[in-house]
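Down below is the structure, laid out as C-alpha cells.
Just so it is clear, the values below take in all heavy atoms, side chains as well, and ignore hydrogens, waters and symmetry mates.
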Amino acid sequence: MQSVLKLNLFKNKSFYSTRDNSLKQLILVLGGPGTGKTTLCEKLINKYPNWIHYSTGELLRKEIQQNSEESKEISKILSVGGVVPSSITINLLDKLFKIQQNNFIIDGFPRNYENLQAYQTNLVLYNL
C-alpha cells in the first residue's frame with residue numbers, strides 16, 4: 001500500500017524557483033517495493049503534466065554510473081539491499097531541486113523515520 005504526502009511549503013520554509021521566485025510544490029510517494037509507487041506517479045504526471053517525477057532508486061543508480069566519491073558506497077549498500085544514508089540521498093535531491101524549475105513528485109523517499117528527519121532538517125529549510 002502506498003501513501004502520498006503532499007507538502008505545501010511556506011515562505012520561511014521555501015521551495016522556490018531560482019529563475020522566477022515562484023512557489024514550488026513537492027509530492028512524496030511512499031511505499032514498499034512492488035506497491036505501485038511508479039504506477040501512481042505516472043498517473044499523477046498525466047494529471048499534472050508540468051510536474052517532474054523522480055525515483056530515488058533511479059537517482060542512486062545514476063549516481064553509481066557517475067563514478068563519484070559516493071558511488072562505491074551506494075553500490076555496496078544497494079547490493080545487499082540496505083538503505084543508503086540520508087546524507088547521500090539528501091545531497092542528490094538537493095542538487096536536483098537546484099537545477100530543475102518544476103514541481104516534483106519523488107518516490108521512494110523517505111524510506112524510514114531517520115530519512116524523514118533528515119528531510120525535515122535539511123531540505124525543507126533550504127531556500128532554493
Side-chain angles (χ1 to χ4, degrees):
M1 171 185 283
Q2 73 270 357
S3 300
V4 176
L5 175 62
K6 181 176 180 182
L7 302 173
N8 291 306
L9 306 172
F10 303 100
K11 189 167 183 166
N12 65 339
K13 294 182 179 180
S14 54
F15 182 64
Y16 283 96
S17 163
T18 54
R19 291 187 185 157
D20 61 10
N21 292 325
S22 61
L23 180 66
K24 299 300 177 188
Q25 292 183 323
L26 174 64
I27 295 175
L28 300 173
V29 179
L30 312 174
T35 58
K37 295 183 301 291
T38 300
T39 302
L40 176 61
C41 290
E42 289 170 357
K43 290 179 181 180
L44 289 169
I45 289 297
N46 287 332
K47 186 172 181 177
Y48 304 106
N50 63 327
W51 290 59
I52 297 177
H53 166 240
Y54 288 99
S55 161
T56 53
E58 289 174 18
L59 291 173
L60 292 167
R61 287 185 288 278
K62 284 181 184 178
E63 186 66 21
I64 290 170
Q65 295 173 354
Q66 299 299 316
N67 292 319
S68 69
E69 293 179 19
E70 297 171 329
S71 65
K72 289 180 183 178
E73 182 180 359
I74 294 169
S75 181
K76 182 178 177 181
I77 293 167
L78 293 181
S79 70
V80 295
V83 176
V84 173
S86 296
S87 59
I88 292 174
T89 308
I90 292 287
N91 185 42
L92 293 175
L93 290 172
D94 179 42
K95 289 177 192 175
L96 179 70
F97 294 160
K98 287 181 179 177
I99 61 171
Q100 294 291 336
Q101 300 303 313
N102 297 62
N103 295 316
F104 293 91
I105 300 171
I106 304 292
D107 80 62
F109 184 83
R111 290 193 61 188
N112 57 32
Y113 185 70
E114 191 271 330
N115 281 172
L116 177 63
Q117 289 177 313
Y119 164 79
Q120 292 172 327
T121 302
N122 296 293
L123 286 178
V124 173
L125 297 178
Y126 284 174
N127 186 10
L128 302 178

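Within the model, atoms OH of Tyr54 and CZ of Phe104 stand 6.5 Å from one another, a figure rounded to the nearest 0.5 Å. Note that CD1 of Ile52 and CG of Leu96 are 7.5 Å apart. Values are rounded to the nearest 0.5 Å. Leu78 contributes atom CG, which lies 7.5 Å from atom CZ of Arg61 (distance to the nearest 0.5 angstrom). Taking SG from Cys41 and CG from Asp107, the interatomic distance works out to 4.0 Å, rounded to the nearest 0.5 Å. Once rounded to the nearest 0.5 Å, the distance linking OG of Ser87 with CD of Glu73 reads 7.0 Å. Distance check: Arg111 CZ to Leu30 CG gives 11.0 Å after rounding to the nearest 0.5 Å.
Residues Phe109 and Thr89 come closest through the heavy atom pair CD1-CG2, 3.5 Å. Leu28 and Pro110 get closest at one heavy-atom pair: CD1-CD, 3.9 Å.
At a threshold of 4.5 Å between non-hydrogen side-chain atoms, the residues Ile106 and Ile27 do not count as touching. The side-chain heavy atoms of Ile45 and Trp51, taken from C-beta on, include a pair separated by under 4.5 Å. Counting only heavy atoms from C-beta outward, the side chains of Ile74 and Ser68 never approach each other to under 4.5 Å.
When hydrophobic clusters are built by joining Ile, Leu, Val, Met, Phe, Trp and Tyr residues whose side-chain heavy atoms come closer than 4.5 Å, directly or via intermediates, Ile90 is not grouped with Ile88. When hydrophobic clusters are built by joining Ile, Leu, Val, Met, Phe, Trp and Tyr residues whose side-chain heavy atoms come closer than 4.5 Å, directly or via intermediates, Leu59 is not grouped with Val84.
Looking at Ser71, its side chain never comes within 3.5 Å of a backbone N or O of Gln66 through a donor-acceptor pair. The backbone N or O of Val29 sits nowhere less than 3.5 Å from a side-chain atom of Lys37 that would complete a donor-acceptor pair.
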| request: In sequence, state the C-alpha distance, the side-chain angles, and the governing distance for Leu44 and His53, and then conclude on side-chain contact (heavy atoms from CB on, under 4.5 Å). | output: CA-CA 9 Å; Leu44 289 169; His53 166 240; over 6 Å; no
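Checking each of Asn115, Asn91, Asn112 against Ser86 for a side chain to side chain donor-acceptor pair (under 3.5 Å) leaves exactly one that passes, namely Asn115.
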